[in-house]
Amino acid sequence: MDKMNANGCKVYFGRWLIEGSPYVVLIDVGFTAWSLDRWKRELWENCGIGVPWFDREANDAVLFGFLTAWLLGEFAAQCEQPPHVLAHFHEWLAGLGLVLCRQRQLPVATIFTTHATLLGRYLCAGNVDFYNNLSEFNLDKEAGDRQIYHRYCLERAAAHCAHVFTTVSQITAHEAEALLKRKPDVVTPNGLNVKKFSAMHEFQNLHAQSKGRIQEFIRGHFYGHLDFNLDKCLFLFIAGRYEFSNKGADIFLEALARLNYLLRVNHSEVTVIAFFIMPARTNNFNVETLKGQAVRKQLWDTAQSVKDKFGKKLYESLLGGQLPDVSKMLDKEDFTMMKRAIFGSQRQCQPPICTHNMLEDSTDPILTCIRKIGLFNSSADRVKVIFHPEFLSSTSPLLPMDYEEFVRGCHLGVFPSYYEPWGYTPAECTVMGIPSISTNLSGFGCFMEEHIADPSAYGIYILDRRYRSVDDSCNQLTSFLFQFCQQSRRQRIIQRNRTERLSDLLDWRYLGRYYISARHMALAKAYPDTFCYEPHDPTSTTGFRYPRPASVPPSPALSRHSSPHHSEAEDDDEEHYDEELEAEKDRLNIRQPFSLPFRNKNNLPYSLPTPASDGTSPPSSLASQPSSLSSEKN
């Protein structure tokens with residue numbers, strides 16, 4: 001670092017201010033921008049990749065790549081003994097550093113992970129039949145037509161130069177093999193720090209608390225048209241980058257329109273409110289939306305004032321030893337105040353759909369689709385739509401909740417993505433005990449199908465978007481939503497308990513072993529005289545296999561409870577459900593995760609540790625592994 005700083009760089013060392021406080025090296029790419037032209041010429045002469053001057057993101061990637069290779073080279077050169085260095089590069093933006101390490105023949109074992117291919121994301125955004133034509137694309141032409149050929153070259157070069165190439169899911173592995181022309185060596189699924197989200201047995205209470213805060217927002221948003229029962233209201237949501245087709249917002253809206261029809265013709269008392277949390281270009285909050293929250297607060301203040309006066313008179317009457325005369329508890333002034341509040345809460349227009357003023361209202365994909373399907377939040381609609389074109393924040397004057405609180409308060413997350421290499425949003429729902437809908441084109445959906453015998457019984461609905469037409473997929477999504485609306489409150493509670501028990505599947509304690517496998521493989525390839533890796537099926541994600549729950553499924557079949565519809569009181573007659581017994585059955589049926597065979601040159605076998613019975617975590621870094629990872633001398 002000192003040598004680099006003395007040569008005109010800015011490199012910092014410290015701790016990252018997150019849980020665990022890991023060490024981090026920060027490189028200021030802007031401070032060395034004076035070297036950009038020289039390094040771009042070197043990149044062209046040595047690698048045959050030219051980067052245009054106008055692509056600022058690619059220029060930053062060039063700066064970062066050369067500085068990273070410089071740092072690794074300096075470290076290797078100043079070590080007294082030949083080091084065993086392993087560098088893991090994520091995405092094309094960091095990939096140039098890997099290419100330079102190999103081109104300069106630095107003693108570094110390299111891993112490259114792509115979380116989504118560049119060309120794949122661009123092609124899917126263009127509404128092409130992507131997965132059925134993976135092997136048919138003219139890759140150079142497609143990248144050139146989208147003016148990302150230089151980026152594509154950087155990504156493909158990194159994939160081919162790496163000792164070990166990995167992706168985050170099987171679906172992305174097929175994509176990478178077709179578009180980058182290299183089959184991934186290992187699939188490294190994305191995990192979560194489950195401890196961060198874990199609320200032990202409190203997650204049901206947290207759901208109720210957060211749901212109450214969302215209900216307060218609904219009372220203000222729909223003031224004047226609050227003609228539905230909030231206790232029979234279900235909150236659905238979709239969140240993420242604003243990629244209308246890739247994220248499945250198009251099919252979700254169409255399914256909502258069909259669900260609205262089903263709920264109306266079946267005279268359902270359930271009301272569905274669907275939230276779209278996707279950032280778009282806005283200039284401010286919608287005045288009508290802000291007014292709704294102000295009216296709600298005014299009504300609350302009025303009710304509190306009348307309640308205080310009523311309570312004082314009741315108290316005085318009871319102190320006097322007399323039963324109160326209810327007709328005299330409220331005077332004319334109180335009635336006048338309440339009438340004024342009711343009059344002030346009347347509204348002639350429909351409740352707004354969008355909470356903000358959109359800069360491109362007429363061409364916005366979500367609003368255009370809503371106009372087409374006719375979901376305008378009218379009184380006759382059983383499905384209401386709220387578009388919040390901004391990420392949630394606890395400091396918002398409109399909906400003061402952070403994302404985690406909001407997710408906990410919802411009943412179902414809907415993510416019918418067409419292009420989703422992994423899918424953190426349904427994973428976050430799962431660890432918080434919230435059911436979700438994913439697809440067999442998402443990494444998360446494929447992972448759950450592989451590990452759970454019947455995902456829907458655990459609140460993970462997998463939509464088929466790979467082998468069905470768009471219309472059939474939309475009908476299947478509508479069926480999922482309608483079945484969910486038919487569940488009783490008790491069935492939803494049981495389902496949330498089951499969903500939350502899947503958290504261990506997504507914990508880094510278990511999924512981290514795939515990264516460790518990739519590191520072992522890279523070490524064996526880069527230092528064959530010191531390390532040896534026994535080949536196995538590296539892309540297999542075998543491990544847990546959750547069985548179907550033994551009790552009655554929480555998702556009722558469409559034919560169940562024929563007309564007249566059963567009452568809520570009938571829930572007590574259903575099969576007894578013992579939560580602790582169900583959890584113990586699941587734990588007993590979990591298959592132990594696989595072990596990774598690894599040997600050093602002394603031919604001593606090494607397998608990754610499995611979690612201890614007390615729930616402690618296995619080692620998660622190479623620094624904490626047994627001595628078989630040491631050099632031959634040790």
Side-chain angles (χ1 to χ4, degrees), residues 202 204-235 269-273 275 285-352 355 377-382 384 386 394-401 405-406 408-411 488-490 492-493 567-569 571-572:
E202 286 295 309
Q204 295 282 10
N205 294 333
L206 291 173
H207 166 72
Q209 294 170 12
S210 298
K211 182 177 71 173
R213 297 182 64 182
I214 297 176
Q215 287 176 336
E216 283 300 297
F217 167 78
I218 295 299
R219 289 187 177 99
H221 191 82
F222 288 91
Y223 84 92
H225 294 274
L226 201 63
D227 49 6
F228 51 88
N229 187 352
L230 277 175
D231 290 331
K232 294 185 178 181
C233 192
L234 299 179
F235 301 138
E269 295 181 352
V270 173
T271 300
V272 172
I273 297 182
F275 290 88
F285 291 108
N286 188 309
V287 173
E288 189 65 25
T289 307
L290 289 173
K291 179 183 176 184
Q293 300 307 313
V295 169
R296 178 194 61 78
K297 187 176 185 305
Q298 184 182 23
L299 285 172
W300 174 259
D301 292 341
T302 301
Q304 289 296 110
S305 176
V306 173
K307 185 188 77 171
D308 292 342
K309 293 174 66 175
F310 184 94
K312 186 175 181 181
K313 291 180 181 179
L314 176 62
Y315 174 65
E316 295 291 345
S317 177
L318 293 177
L319 280 178
Q322 297 178 350
L323 290 175
D325 185 353
V326 179
S327 62
K328 296 181 180 179
M329 298 300 287
L330 296 177
D331 53 29
K332 187 176 181 180
E333 182 181 349
D334 296 327
F335 281 101
T336 300
M337 187 186 305
M338 289 188 290
K339 288 179 180 179
R340 289 174 60 185
I342 293 173
F343 183 77
S345 65
Q346 292 181 356
R347 173 193 255 169
Q348 302 302 322
C349 61
Q350 299 280 14
T355 58
N377 293 344
S378 66
S379 298
D381 289 331
R382 296 266 51 82
K384 321 284 186 181
I386 297 177
S394 57
T395 59
S396 170
L398 198 63
L399 185 56
M401 301 177 72
E405 288 179 300
F406 177 80
R408 286 194 185 276
C410 290
H411 296 92
S488 65
R489 181 175 178 271
R490 180 174 177 274
R492 292 197 301 271
I493 291 174
S567 65
E568 292 290 320
D571 292 338
D572 297 333

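Keep in mind that the numbers below use all heavy atoms, side chains included, and drop hydrogens, waters and symmetry copies. All figures in this text were calculated on a predicted structure; none of them were measured in a lab. Counting from 1, the numbers follow the sequence of the chain as shown.
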Handout entry: Salt bridge flag under 4.0 Å for residues D308 and K312
Key = no

Fill in the blank from the handout: So CE of M338 and CD of E333: to nearest 0.5 Å the spacing works out to 11.0 Å

Problem - Heavy-atom donor-acceptor pair, H225 side chain to C349 backbone, under 3.5 Å - result: yes

Practice task
Taking all non-hydrogen atoms of both residues into account, name the closest pair between T271 and R382 and its distance.
Solution key: OG1-NH2, 2.8 Å

Exercise for the section: Hey, could you give me the CG/CZ distance between L234 and R489, rounded to the nearest 0.5 Å? Expected result: 12.0 Å

Exercise for the section: Give a yes or no on this: more than 12 heavy atoms of other residues, nucleotides or ligands lie within 6.0 Å of atom CG of L319. Expected result: yes

Handout entry: Heavy-atom side-chain proximity of N286 to L398 below 4.5 angstrom
Key = no

Practice task
Please examine the side chains of L206 and Q209, heavy atoms only from C-beta on, and report whether any two atoms are closer than 4.5 Å.
Solution key: yes

Completion exercise
Scanning both residues in full, the closest heavy-atom pair of I214 with M401 reads CG1-SD, 3.7 Å

Practice task
For the residue pair K339 and F343, establish whether any side-chain heavy-atom pair is separated by less than 4.5 Å.
Solution key: no

Problem - Q322 backbone acceptor or donor facing S317 side chain under 3.5 Å - result: yes

Fill in the blank from the handout: Distance col, row F222:CZ vs Q350:CD, nearest 0.5 angstrom, shows 10.0 Å

Practice task
Drop me the distance from K313's NZ to L330's CG, to the nearest 0.5 angstrom.
Solution key: 6.5 Å

Handout entry: Where F228 and C233 come nearest, the two heavy atoms and their spacing
Key = CE1-SG, 4.3 Å

Handout entry: Nearest heavy atoms of F217 and Q293, plus distance in Å
Key = O-NE2, 3.1 Å

Problem - Check: T355 and H221 side chains under 4.5 Å, non-hydrogen atoms - result: yes

Practice task
For the pair K307 (side chain) and T302 (backbone), establish whether a donor and an acceptor sit closer than 3.5 Å, ignoring hydrogens and angles.
Solution key: no

Problem - Side-chain donor or acceptor of D334 paired with backbone N/O of D331 under 3.5 Å - result: yes

Exercise for the section: For the residue pair H411 and F235, categorise the inter-ring angle as parallel (less than 30°), tilted (30 to 60°) or perpendicular (more than 60°). Expected result: tilted

Practice task
Specify the closest pair of heavy atoms between P400 and S394, including all atoms of both residues, with the distance to one decimal.
Solution key: CB-O, 3.6 Å

Completion exercise
Separation between CD (E405) and SG (C410), nearest 0.5 Å, reads 12.0 Å

Completion exercise
Nearest heavy-atom approach of P352 to R347 is CD-NH2, 3.7 Å

Handout entry: Separation of T289 OG1 from K291 NZ (nearest 0.5 Å)
Key = 11.5 Å

Practice task
Verify the neighbour count for atom CD of Q215: are there more than 12 heavy atoms of other residues, nucleotides or ligands below 6.0 Å?
Solution key: yes

Handout entry: Heavy-atom side-chain proximity of E269 to N229 below 4.5 angstrom
Key = no

Handout entry: Student check: side-chain heavy atoms of Y223 and R296 closer than 4.5 Å
Key = no

Exercise for the section: Output yes when R219 and E216 qualify as a salt bridge under the 4.0 Å nitrogen-oxygen rule, no when they do not. Expected result: yes

